[in-house]
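Just follow the structure's listing: the first ligand is 1, and inside any ligand the first atom is 1. Position 1 is the first residue of the sequence, and the numbers go up from there.
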Amino acid sequence: MEYYSTNRQSQPVSLQEAVLRGLAPDRGLYMPQRIGTLPKAFFNNMAQMSLQEISYAVASTLFGEDIESDILKDIVYDTLNFDIPLRHISDDRYCLELFHGPTLAFKDVGARFMARMLSYFNRKADNGGNRCVNVLVATSGDTGSAVANGFLGVPGVRVFVLYPRGKVSKIQEAQFTTLGQNITALEVNGSFDDCQALVKNAFMDKELNDAMMLTSANSINVARFLPQSFYYFYAYAQLAQREQDTTNIVVAVPSGNFGNLAAGLIAKRMGLPIKRFIAANNSNCVFFDYLRTGNYTPRQSITTIANAMDVGDPSNFARILDLYGHSHDAICADISGCTYSDEQISQTIAQTLHDCNYQLDPHGAVAYRATCELLQPGEIGVALETAHPAKFKGTVEHITGCPVEVPQRLQRFLEGKKETVKISSGFHTFKKFLLQTL
Ligand SMILES: *Cc1c(COP(=O)(O)O)cnc(C)c1O
């Protein structure tokens with residue numbers, strides 16, 4: 001199947017090319033030409049199926065034309081080697097816990113899937129040769145850990161994580177500097193913007209691109225975006241086991257770049273009977289304003305305690321517009337919005353711990369509050385809990401006054417030995433470093 005660019009200036013490409021390129025040449029985002037629906041029998045059986053079985057069925061509908069079934073099955077099963085349980089919190093409200101992967105955040109799903117698909121396509125493009133693909137990723141904290149761990153040990157792929165020295169938390173740093181193998185952490189003497197500039201310069205440098213194959217692993221890539229639809233089906237399957245009536249399900253998605261929500265919309269397009277979505281925002285509310293006014297006005301992001309959602313110009317907005325033929329009315333029919341201040345987020349964390357004995361993280365709290373405030377009678381709310389509260393231990397403990405237990409796999413990162421390469425923020429040193437790794 002072909003993938004077209006949301007800007008419609010570039011030619012449609014194969015899945016392989018879309019994955020290897022990331023962004024289309026016209027700077028649009030790739031979308032599948034057709035979104036297939038799943039058969040009725042699948043929906044009838046879903047409640048009895050595992051996460052891996054459900055995900056493989058969804059993956060076959062999305063990617064089945066382009067990847068051999070046994071290989072696709074391996075990619076899916078290998079990606080989802082952890083559970084995504086649905087927890088009942090109170091009344092008609094649930095949380096889908098997306099934080100049981102290696103870095104305790106939902107980005108593990110997309111990053112692990114993309115790593116495996118990229119590795120496969122790179123091997124194929126190269127006719128089984130040994131040309132390595134080099135993933136460059138600049139991070140202010142969270143993306144680096146999900147990408148580095150997602151690609152850890154994946155053959156034919158090397159990852160270079162660039163991060164600003166002294167500007168990420170200890171726990172975040174430990175998650176991408178202690179891995180070894182095919183992961184190299186570059187400690188840049190500069191800011192996050194400097195890191196991002198180094199990566200951008202590398203993609204534009206002809207000599208470097210001739211010498212080595214470079215790619216990025218941000219949420220624009222279809223191989224990171226589309227697999228996020230899997231767990232919407234799994235949430236529904238788990239609800240079907242517990243609820244008599246599943247016709248009124250509302251999913252609240254804590255949103256930043258809107259990749260997660262866009263994947264939920266794809267799931268609905270594939271036939272999943274989700275009644276509607278809530279795009280839950282922190283104080284960065286460009287999308288909320290768009291729903292309200294019909295005008296999209298990107299702006300500088302502001303810092304909040306749900307910082308993975310501090311985005312002022314969400315990249316996947318283009319995909320949402322495209323899915324709904326740019327119709328504001330059609331978008332508003334499926335998605336409503338909300339925006340919460342740090343104070344409201346804190347209050348929700350404290351109150352949910354007190355009333356329901358459930359510890360939310362700041363991101364999941366934004367979504368959970370939405371289900372408390374915006375459900376209509378008879379609706380069942382599912383809030384996506386996108387990170388483990390221990391990732392934001394300091395913030396959460398400060399709010400509740402109660403200690404947050406750190407899971408062993410997070411603790412283990414802290415015990416690893418940090419290994420980095422220190423570089424200046426000048427492009428010349430970075431380029432020289434990359435070239436001498438060949
Ligand atoms: C990245 C992230 C988000 C936002 O997801 P988008 O797909 O960018 O909307 C929400 N919560 C957490 C914990 C994240 O890391």
Inset, instruction - Please check if the side chain of Ser255 supplies one atom and the backbone of Val253 the other of a donor-acceptor pair under 3.5 Å. - result: yes

Inset, instruction - Rounded to the nearest 0.5 Å, what's the gap from CZ on Phe233 to CZ on Phe43? Could you check? - result: 5.0 Å

Inset, instruction - Heavy-atom contacts with Asn260 under 4.0 Å: which atoms of ligand 1 show up? List them by number with element. - result: 7 (O)

Inset, instruction - Evaluate whether atom CD of Glu415 has more than 12 neighbouring non-hydrogen atoms of other residues, nucleotides or ligands under 6.0 angstrom away. - result: yes

Legend entry - Option of least heavy-atom distance to atom 8 (O) of ligand 1 (set: Val253, Asn257, Asp108, Leu261): Asn257

Inset, instruction - Report yes or no: is the cationic atom of Arg224 (NZ for Lys, CZ for Arg) closer than 6.0 Å to the six-membered ring centre of Phe113, at no more than 45° off its axis? - result: no

Inset, instruction - Number the atoms of ligand 1 from 1 as they appear, then name those within less than 4.0 Å of a heavy atom of Gly259, with their elements. - result: 6 (P), 7 (O), 9 (O)

Legend entry - Heteroatom distance test (Ala308, ligand 1): nitrogen or oxygen, under 3.5 angstrom: no

Inset, instruction - Counting heavy atoms only, name the option from His363, Arg224, Lys107 that's nearest to atom 15 (O) of ligand 1. - result: Lys107

Inset, instruction - Look at the aromatic rings of Tyr296 and Phe317 and report parallel, tilted or perpendicular, splitting at 30° and 60°. - result: parallel

Inset, instruction - Examine Phe106 against ligand 1 and note whether any of their N/O atoms are separated by less than 3.5 Å. - result: no

Legend entry - atom 4 (C) of ligand 1: the protein heavy-atom neighbour that sits closest, reported with distance to 0.1 Å: Gly256 N, 3.6 Å

Inset, instruction - Provide the number and element of each atom of ligand 1 under 4.0 Å from a heavy atom of Ser255. - result: 9 (O)

Legend entry - Donor-acceptor contact present, side-chain Asn149 to main-chain Gln175, <3.5 Å: yes

Inset, instruction - Provide the number and element of each atom of ligand 1 under 4.0 Å from a heavy atom of Ala387. - result: 13 (C)

Inset, instruction - Check Met309 against ligand 1 and report side chain, backbone, both or neither, counting heavy atoms closer than 4.0 Å. - result: side chain

Inset, instruction - Go through ligand 1 atom by atom and flag the ones less than 4.0 Å from a non-hydrogen atom of Pro254. - result: 4 (C), 10 (C)

Inset, instruction - Would you please determine whether Phe99 falls within less than 4.0 Å of ligand 1 on a heavy-atom basis? - result: no

Legend entry - Under-4.0 Å heavy-atom contact with ligand 1, by part of Ala105 that carries it: neither

Inset, instruction - Could you tell me the residue and atom name of the protein heavy atom closest to atom 11 (N) of ligand 1, and the distance to it rounded to 0.1 Å? - result: Thr386 OG1, 2.8 Å

Legend entry - From Arg276 atom CZ to Asn248 atom CG, the distance as rounded to the nearest 0.5 Å: 9.5 Å

Inset, instruction - Could you tell me whether Arg269 sits above the aromatic face of Tyr324, with NZ or CZ closer than 6.0 angstrom to the six-membered ring centre and within 45 degrees of the axis? - result: yes

Inset, instruction - Measure up the Tyr290 and Phe287 rings against each other and bin them: parallel (under 30°), tilted (30 to 60°), perpendicular (over 60°). - result: tilted

